[in-house]
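Reminder, nothing fancy here: chain letters follow the sequence lines and each chain counts from 1. Fair warning: this is a prediction, and the values are worked out from it, not measured in the lab.
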There are 2 protein chains.
Amino acid sequence: MAYRETEKMRQRKAEARKRIVDCTYQCVAEGGFRSARVTRIAGLAGVATGTIYRHFESREDLFAEIFRLATQREVDKVAEALASGGNGAERLERALRQFAERALKGPTMAWSLIAEPVDPKVEEERLAYRKAYANLFEKAIREGIEEGCIPDQDARQSSTCLVGAIAESLVGPLSPTQISQADSATEENNDPLVNSIIRFCMQGLTGTRR
Amino acid sequence: MAYRETEKMRQRKAEARKRIVDCTYQCVAEGGFRSARVTRIAGLAGVATGTIYRHFESREDLFAEIFRLATQREVDKVAEALASGGNGAERLERALRQFAERALKGPTMAWSLIAEPVDPKVEEERLAYRKAYANLFEKAIREGIEEGCIPDQDARQSSTCLVGAIAESLVGPLSPTQISQADSATEENNDPLVNSIIRFCMQGLTGTRR
DNA sequence: ACAAAGAATGAATAGTGATTCACTACTTAT
DNA sequence: ATAAGTAGTGAATCACTATTCATTCTTTGT
């Protein structure tokens, strides 16, 4: 025999793959999944169309991976906020704010993750994504209940409601029609929005007005 | 000249249109928008494919109309619940319950309205649909605030959160994977779910635990 | 009965972009 | 250098249905 995959080759392939992933990410962040064409991605990544298919089963699979990746970033940030100090309610509030503010900062990607119509495999990822948030929130609620700063309740249900309330509140501001005339990047503008979302959420959670 | 559109013809056309609408509705209620083929709809309605296009600009337009129609039914029911007796909080609670219970009773259609990936024109209708709910809720919240049974708050924001919280809570139970193994139609089963959704929502609204 | 106009038909077409695959170009080991 | 295998290529193909339109069928008024 002659050719055997060597480290150098493995690396080169990995680089190409990464380039494909990065370019896809960029395309999606610019215009969402729907408008990200395989051809364009290949062009940006400097490979032939066919090469995409040596790294991914299908466009849908590629997209699913991108979704997972983008998701992970967001979820990690929220997890981070939840890991910081303070009691359960405070940590949750910080996490909710993180979620909303990050979405408003990268609106197209956030819209793709939250509301863009996507293919089934990607939609599946989306369910997982929302569940990931819910799980984080649920855990924090449980802790808050133990600490006594959050009244006893169905933590799973409440966490789902939190995700829904935020997502829904963001759909309007994030949808492409809104975005194109965007004042985005002007972060202060969004504070009132974020604040009122959070007020509702925290009240739903704690039953306490502020 | 010879042929001139007569009442009889107008009626016949209207009937055909209605048949098309009904069959489309049925198809969507069975498997969602994505799987509803123009050919199949035409077959069910007893017309040729081309005839569909004498009544609707395009498949997307047809779907948009179906969406509007289905929406109207749901929104009307909620409006009805809001119009009944009791104070603002009570009326709202009844409306939220109506929303959730009806969705669980017609899960595929509810899923299509709430979460199925759809084409742009239909997506637009969806935004309107969600806004319609939010508007109803908003009005009721305002009334509740005046009556004093709901504390002062950003009614618009709260209404959006309500829609989101319910929709999100339903997405899981409604998604096709869940539905196929369905226990649907067994209405009692869903009561705990509906109850805990409503508990969170009412608490978010009133700041009162029960 | 006839002509004029519209309605209905459905087989053929078209548009779209993902995916394939026969081929070329590399890489490696001997 | 050669053989054997792998990676990369991108024009051609495929798949999928929505949509069209030349033709046929109905209706209507004279």
*Asks:* Rounded off to whole Å, could you give me the CZ-to-P distance for the B/R10 and C/dA7 pair?
*Replies:* 11 Å
*Asks:* When you check the phosphate oxygens OP1 and OP2 of D/dT26, does a side-chain N or O of B/K8 lie under 4.0 Å from one of them?
*Replies:*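 False: B/K8 side-chain N/O out of range (4.0 Å or more) of D/dT26 OP1/OP2.
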*Asks:* Should A/Y3 be listed as having a side-chain N or O under 4.0 Å from OP1 or OP2 of C/dA29?
*Replies:*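 It does not, given that no N or O in the side chain of A/Y3 lies less than 4.0 Å from OP1 or OP2 of C/dA29.
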*Asks:* Between B/R37 (CZ) and D/dA15 (P), how many Å, whole number?
*Replies:*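 My rounded result for the distance is 16 Å.
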*Asks:* So what does A/T6 touch, heavy atoms closer than 4.0 Å: a base, only the sugar-phosphate, or nothing?
*Replies:* sugar-phosphate
*Asks:* Tell me the interatomic distance from A/E57, atom CD, to C/dA18, atom P, rounded to whole angstroms.
*Replies:*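 It is 16 Å, rounded to the nearest whole Å.
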*Asks:* If you assign A/V47 and B/T39 each to the DNA chain D nucleotide with the nearest heavy atom, which residue ends up on the more 5' nucleotide?
*Replies:*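 Whichever sits nearer the 5' end wins; that is A/V47.
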*Asks:* Given C/dT28, D/dG10, D/dT27, which nucleotide is nearest the side-chain atoms of B/M9?
*Replies:*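 When the side chain of B/M9 is considered, D/dT27 is the closest of C/dT28, D/dG10, D/dT27.
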*Asks:* Does the distance from a Lys or Arg side-chain N to an Asp or Glu carboxylate O, for B/E124 and B/K121, drop under 4.0 Å?
*Replies:*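 Looking at B/E124 and B/K121, the cut-off is not met.
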*Asks:* Applying a 4.0 Å non-hydrogen cut-off, can you work out what B/R54 is touching in the nucleic acid: base, sugar-phosphate, or nothing?
*Replies:*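 Base, at least one base heavy atom under 4.0 Å.
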*Asks:* A/R59 side chain: which of C/dA7, C/dT19, D/dT17 is closest?
*Replies:* C/dT19
*Asks:* Minimum heavy-atom separation for B/C201 to A/F200, with atom names?
*Replies:*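 So the two residues come closest at O-CZ, 4.3 Å.
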*Asks:* What about B/Y129 and B/Y133, are their ring centers closer than 6.0 Å?
*Replies:*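 Yes, the ring centres sit under 6.0 Å apart.
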*Asks:* Provide, to the nearest angstrom, the distance between the CG atom belonging to A/D119 and the P atom belonging to C/dT16.
*Replies:* 18 Å
*Asks:* Judged by each residue's nearest nucleotide on DNA chain D, which is more toward the 5′ side, B/G50 or B/E5?
*Replies:* B/G50
*Asks:* Check whether any side-chain heavy atom of B/E15 sits under 4.5 Å from a side-chain heavy atom of B/Q11, and report yes or no.
*Replies:* yes
*Asks:* With the side chain of B/Y53 defined as its heavy atoms from C-beta on, choose the nearest nucleotide among D/dG8, D/dT19, C/dA29.
*Replies:* D/dT19
*Asks:* Closest approach to the side chain of A/R12, judged atom by atom: which nucleotide of C/dT20, C/dC26, C/dT9 is it?
*Replies:* C/dC26
*Asks:* Measure CD1/A/I20 against C1'/D/dA7 and give the value in whole Å, please.
*Replies:* 12 Å
*Asks:* Closer than 4.0 Å, any side-chain N/O of B/T49 to the OP1 or OP2 of C/dG10?
*Replies:*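 Result: no.
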*Asks:* From CZ of A/R34 over to C1' of C/dA18, roughly how many Å is that when rounded to an integer?
*Replies:*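 Spelled out: CZ on A/R34 to C1' on C/dA18 is 15 Å.
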*Asks:* Would you say D/dG5 has OP1 or OP2 under 4.0 Å from some side-chain N or O of A/R4?
*Replies:* no
*Asks:* To the nearest angstrom, how far is A/E7 atom CD from C/dT27 atom P?
*Replies:* 16 Å
*Asks:* Indicate every side-chain donor-acceptor pair of residues 33-49 of chain B with a distance under 3.5 Å to a residue at least two apart or in another chain.
*Replies:*
residue: B/S35; atom: OG; partner: B/G31; partner atom: O; Å: 3.0
residue: B/R37; atom: NH1; partner: B/R34; partner atom: O; Å: 3.3
residue: B/R40; atom: NH2; partner: B/E30; partner atom: OE1; Å: 3.2

*Asks:* Rounding to a whole Å, what distance do you find between B/H55:NE2 and C/dA7:C1'?
*Replies:* 8 Å
